[in-house]
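Values below: all heavy atoms of this structure, side chains included; hydrogens, waters and symmetry mates excluded.
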Amino acid sequence: VEVLSPKQGVTDLTDKAFKIYFPAGVKTVWLVVPMLHICQILLPDGRQLTWSDGTLKDPVTQMELDVDHLLR
């Protein structure tokens, strides 16, 4: 899980996912962007799944989380 800070760019975190985490064997990366009230799941094949409300469900781990609870 990566949380975007006000001084970071989204590209910084997506680059880290694709250049460091996925090559190391990580299966999914959750990106939380509090300023935009969104959560994304990044997958090694390039897909980016985005939620702004409801229940986030990781297609690989099957983990679920209420987005509103996460972004409060």
Quiz item: Any salt bridge (charged side-chain N to carboxylate O under 4.0 Å, His left out) pairs touching residues 42-62, not counting sequence neighbours?
Solution: D45-R47, K57-E64
Quiz item: By side chain to side chain contact (heavy atoms under 4.5 Å, CB included), which residues pair with P44, not counting sequence neighbours?
Solution: F22
Quiz item: About how many Å separate OG1 of T14 and NZ of K19, when rounded to the nearest 0.5 Å?
Solution: 9.0 Å
Quiz prompt | Non-hydrogen side-chain atoms of L31 and V33 separated by less than 4.5 Å | solution = yes
Quiz item: What's the shortest heavy-atom distance between A17 and P23, and which atoms?
Solution: O-CD, 4.1 Å
Quiz prompt | Which residues share a salt bridge (charged side-chain N to carboxylate O under 4.0 Å, His left out) with K27, sequence neighbours left out | solution = none
Exercise. Starting at SG of C39, measure out to CG of L49 and round the result to the nearest 0.5 Å.
Key: 12.0 Å
Quiz item: For the atom pair CE (M63) and CD1 (I41), what is the distance rounded to the nearest 0.5 Å?
Solution: 9.0 Å
Practice problem: Under the side chain to side chain donor-acceptor pair (under 3.5 Å) rule, collect the residues that match up with T50, sequence neighbours excluded. | Solution: Q40
Self-check item: Side-chain heavy atoms of L56 within contact of W30, under 4.5 Å
Solution: yes
Quiz item: Which atom pair, heavy atoms only, marks the closest approach of P59 to L43?
Solution: CG-CD1, 4.1 Å
